[in-house]
Amino acid sequence: MKTEIKQKWFYSQSPEEVWLYLTDPDLIALWLMPNDFKPVLGHDFTFRINPVPSLNLDGIFHCKVLEIIPSQKLIYSWMGKSENNEIIMDTIVEWTLEKKDNGTELHLLHTGFKEANIAIFDSMTDGWMKKLEKIGNLLNEK
């Protein structure tokens, strides 16, 4: 079983413009989900959606900013719990932005999935690709 999701996407905008969609809570809510994110090392935050019974998730993802280098790298933990408050997913999300001559290449590395997370892994693999595309659409609408 694969234990990591690795994807990349190219945007014609600068790293600074793409960075805003990874670090501004209002912009994050447009492409991912409601949150109380702050781009501050050590900040605990949550992403919130409705419960997902089919994946045994309560819909609240508990996260913590682990590393932040403005317009270059953002790493945070991503933990999901069941409706019984049992930790069922404890992973790390890493975003890396690479300046290119004509824009930005955004790399996503989501690691730490266990065999018990196979359904979540499959759902998130497809989900992240759709979210990366949504960032591009939002950037292009500006």
Side-chain angles (χ1 to χ4, degrees), residues 1-100 103-142:
M1 176 203 147
K2 290 187 176 183
T3 60
E4 66 181 32
I5 298 169
K6 193 173 190 176
Q7 298 176 349
K8 69 178 175 180
W9 202 267
F10 180 80
Y11 305 103
S12 58
Q13 291 79 10
S14 70
E16 293 76 18
E17 291 173 278
V18 176
W19 181 254
L20 289 175
Y21 281 84
L22 300 178
T23 59
D24 180 297
D26 294 331
L27 295 177
I28 295 168
L30 293 177
W31 65 271
L32 189 55
M33 61 186 92
N35 64 88
D36 58 349
F37 179 85
K38 289 182 185 171
V40 175
L41 187 64
H43 176 66
D44 292 308
F45 65 100
T46 58
F47 289 117
R48 294 178 176 268
I49 57 172
N50 291 327
V52 186
S54 63
L55 297 175
N56 193 27
L57 290 169
D58 68 0
I60 303 169
F61 300 99
H62 304 269
C63 307
K64 182 175 191 161
V65 177
L66 303 175
E67 184 176 346
I68 188 164
I69 303 170
S71 299
Q72 295 177 39
K73 183 184 275 190
L74 174 63
I75 302 175
Y76 47 82
S77 60
W78 181 295
M79 182 180 61
K81 295 183 178 183
S82 69
E83 292 187 359
N84 298 331
N85 207 32
E86 173 190 353
I87 297 171
I88 58 170
M89 181 180 100
D90 195 0
T91 61
I92 302 290
V93 174
E94 180 176 333
W95 299 103
T96 306
L97 294 85
E98 188 177 338
K99 184 173 177 54
K100 299 287 185 179
T104 304
E105 194 169 84
L106 178 63
H107 297 261
L108 164 68
L109 180 61
H110 192 163
T111 60
F113 292 93
K114 307 285 187 230
E115 194 168 323
N117 304 137
I118 188 70
I120 296 170
F121 176 87
D122 289 343
S123 176
M124 291 189 84
T125 298
D126 182 56
W128 278 126
M129 189 56 76
K130 290 176 182 171
K131 299 302 184 185
L132 291 170
E133 183 177 359
K134 194 167 186 181
I135 292 172
N137 292 338
L138 290 164
L139 283 163
N140 291 331
E141 288 172 7
K142 285 182 29 175

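In this chain, residues are counted from 1 in sequence order. What you see is a predicted model, and the numbers here were worked out from it, not measured in a lab.
- With hydrogens and angles ignored, the 3.5 Å screen pairs no side-chain donor or acceptor of N56 with any backbone N or O of S82.
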Original post:
Passes side chain to side chain contact (heavy atoms under 4.5 Å, CB included), F113 versus D122? Steps please.
Top reply: CA-CA 10 Å; F113 292 93; D122 289 343; over 6 Å; no

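- Remark: the backbone N or O of D36 is paired with a side-chain donor or acceptor of H43 at under 3.5 angstrom.
- Shown here for F45 and K64, the closest heavy-atom pair between the two residues is CE2-N, 3.9 Å.
- Remark: side-chain polar atoms of D26 are not paired, donor with acceptor, to backbone N or O of D24 under 3.5 angstrom.
- In this structure, Q7 contributes its side chain and T125 its backbone to a donor-acceptor pair below 3.5 Å.
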Subject >> side chain to side chain contact (heavy atoms under 4.5 Å, CB included) assessment of M129 paired with W9 >> reply: CA-CA 9 Å; M129 189 56 76; W9 202 267; 3.1 Å; yes

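- Here the closest heavy-atom approach between residue V65 and residue Y76 is recorded as CA-CB, 4.0 Å.
- A donor-acceptor pair under 3.5 Å is absent between the side-chain atoms of N84 and the main chain of E86, judged by distance alone.
- When all heavy atoms are compared, the tightest approach of P39 to T23 is CD-O, 3.8 Å.
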Subject >> side chain to side chain contact (heavy atoms under 4.5 Å, CB included) evaluation trace for S77 with L66 >> reply: CA-CA 7 Å; S77 60; L66 303 175; 4.3 Å; yes

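- Ring centers of W78 and W128: under 6.0 Å apart, within the cut-off.
- Taking both residues in full, the closest heavy atoms of I88 and K81 are given as CG1-C, 4.1 Å, listed atom of the first, atom of the second, then distance.
- Although no hydrogens or angles enter the test, the distance criterion places no donor-acceptor pair under 3.5 Å between the side chain of T111 and the main chain of E4.
- Between the CH2 atom in W19 and the CG atom in L27 there is a gap of 13.5 Å [rounded to 0.5 Å].
- Here the side chain of N117 pairs a donor or acceptor atom with the backbone of K114 at under 3.5 angstrom.
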